[in-house]
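Notes follow once the structure below has been shown.
A note on names: the letters A, B, ... follow the listed sequences, proteins ahead of strands, and every chain is numbered from 1.
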There are 2 protein chains.
Amino acid sequence: MATQAQDGVRISNAGEAQRPAPGLALRLVEAAIEQFAQRGFDGASTRDIAAATGTAMSSITYHFGGKQGLYLACADYIAYQIGAVHAAGMAPIRARPPQEPEQARAAMLDLLENFARLMLAPQSETWSQFIAREQQRPTEAFERLYHGIMSPVLETVLGLLKIARPSLDDTGRRTLVMNIVGMALILRLGRACVSRLMRVDDLDEATAETLIAGLRRSAQDLLTETNP
Amino acid sequence: MATQAQDGVRISNAGEAQRPAPGLALRLVEAAIEQFAQRGFDGASTRDIAAATGTAMSSITYHFGGKQGLYLACADYIAYQIGAVHAAGMAPIRARPPQEPEQARAAMLDLLENFARLMLAPQSETWSQFIAREQQRPTEAFERLYHGIMSPVLETVLGLLKIARPSLDDTGRRTLVMNIVGMALILRLGRACVSRLMRVDDLDEATAETLIAGLRRSAQDLLTETNP
DNA sequence: GTCTATAATTTGATAGAC
DNA sequence: GTCTATCAAATTATAGAC
């Protein structure tokens, strides 16, 4: 399926009603995500973040208590924003799980394709880099990101696999889930390797489609009960 | 830039029969890899690195010209050290490539298992974290790491795939290589997700074996010509 | 070659005006 | 709430003794 519009989701920091122009706190978070994603927690500077937002550095202290608070606010923002978009896409599957292996396979392939497109989309580069950095040294921020984004995907795929490959035990299923979803995850987490292996400077639209098509094929192979 | 940086790399050559006491430059590199891996380039402090080595910070300036020079020396050290070990393991395959699909599949499964074990091994955690960080913002260091470590693996698998799946075209093969090797790579690059999905605090020995076994099974499925 | 001492920046936090 | 001004600490780089 094609990428969903992801400009629509907009949260406000403290349950405020929506604003036409994002509040300062929200603008700070968005600028911070960019900086944290590109330079890491230590590399990012609160001064630069404030400057990019067009405000003073002390605003960060006022709104978030400090650099760490801003960082966690970024994780929450990402988890909520992406989680909301993706949960909507998975809701039908979780509400009415397919009963037939063939249907489960089809649903999983679509879900996987959606997730892979998310991994490849340039628009998601910023927050996905943010998440990728958290993989190495998981902090409290990772918990929020995992439960908001990764866990729904992994658990949904796990549930579908129960239908598609009923003969596997739970451990085998979890391993297989990691193999399948991992093929999509690597498009982001190992992006530098992917682009070099595909011999392109950047993962353009055409290369992305090639990768998606190949991913579907591979996933299909893994979803079919071939061996006893 | 630092002309003395040569010295640090030269010490690491494997021609030496014994290592009575590693030179200061080498000890600095080893301590630096640890710090860079754990805290990133900006997060790591040259003072801490020097302190861990038991020397003064100015030694870094003397031997490597500065922080950046030390960082690149770390990349070279990792690329050389790991590249040498792994190139040895792959040399037989590249020297006498299997001619039969069945042999190629078997060789690739073994190679993949070796690589996956590398991704899971606690001993390789430090340098693999170093590499993982480079995936997000590839710098000059990534080039050296890619050509020293990743490229040999990917190209060898690509060659084996030419035998095992002869009907695929080059692009299809490269995509499939990324899918297969990606399943192993994700064990490191997405380690935090893996351990949570497998419901363990840390990827212990038993979990690692389970993942390896599952990986072999999945790879085998992807290596068999099932669909026309 | 390795050390001590210091310079020159940069950073996150804070105080206080408005 | 947002700003200006300043502080205290940490960092890299550098100079120079031995």
What integer distance in Å separates [X]:[atom1] from [N]:[atom2]?
X: B:Lys67; N: D:dT14; atom1: NZ; atom2: P; answer: 15 Å
X: A:Phe64; N: D:dT2; atom1: CZ; atom2: C1'; answer: 14 Å
X: A:Arg47; N: D:dC3; atom1: CZ; atom2: C1'; answer: 13 Å
X: A:Ile60; N: C:dA15; atom1: CD1; atom2: P; answer: 18 Å
X: A:Asp48; N: C:dG12; atom1: CG; atom2: P; answer: 8 Å
X: B:Gln68; N: D:dA13; atom1: CD; atom2: C1'; answer: 14 Å
X: A:Ile49; N: C:dT11; atom1: CD1; atom2: P; answer: 11 Å
X: B:His63; N: C:dT2; atom1: NE2; atom2: C1'; answer: 8 Å

Report summary line: Which of C:dT14, D:dT2, C:dC3 is nearest the side chain of A:Ser59? It is D:dT2
Report task. Tell me which nucleotide among C:dG12, C:dT2, C:dT4 gets nearest to the side chain of B:Leu24. Result ->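 Selected nucleotide: C:dT2.
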Requested in this report: Apply the side-chain contact (heavy atoms from CB on, under 4.5 Å) test between A:Ile149 and each candidate in A:Val85, A:Ile78, A:Leu118; give the one that qualifies.
Outcome: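 Only one of A:Val85, A:Ile78, A:Leu118 forms a side-chain contact (heavy atoms from CB on, under 4.5 Å) with A:Ile149, namely A:Ile78.
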**Report entry** Qualifying residue for side-chain contact (heavy atoms from CB on, under 4.5 Å) with A:Val181, from A:Leu154, A:Leu176, A:Leu111
**Finding:**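 Considering A:Leu154, A:Leu176, A:Leu111, a side-chain contact (heavy atoms from CB on, under 4.5 Å) with A:Val181 is found only for A:Leu154.
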Requested in this report: Say whether B:Glu134 and B:Tyr146, considering side chains only, have a donor N or O and an acceptor N or O under 3.5 Å apart.
Outcome: no
Query raised in the report: How is A:Ala44 classified with respect to the nucleic acid when contacts are heavy atoms under 4.0 Å: base, sugar-phosphate, or nothing?
Result: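 A:Ala44: backbone/sugar contact only, no base atoms under 4.0 Å.
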Query raised in the report: Using a cut-off of 4.0 Å on non-hydrogen atoms, how would the nucleic acid contact of B:Gly54 be classed: base, sugar-phosphate, or nothing?
Result: sugar-phosphate
Query raised in the report: When A:Ser128 is tested against each of A:Arg133, A:Arg188, A:Arg191 for side-chain hydrogen bond (donor to acceptor under 3.5 Å, both in side chains), which residue passes?
Result: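 Only one of A:Arg133, A:Arg188, A:Arg191 forms a side-chain hydrogen bond (donor to acceptor under 3.5 Å, both in side chains) with A:Ser128, namely A:Arg188.
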Requested in this report: Can you label the angle between the B:Phe36 ring and the B:Phe130 ring as parallel, tilted or perpendicular, going by 30° and 60°?
Outcome: perpendicular
Requested in this report: Could you say whether B:Met57 or A:Ser58 is positioned toward the 5' end of DNA chain D, judged by the nucleotide with the nearest heavy atom to each?
Outcome: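 Result of the comparison: A:Ser58.
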Query raised in the report: Looking only at side-chain N and O atoms, does A:Thr46 come under 4.0 Å of OP1 or OP2 in C:dG12?
Result: yes
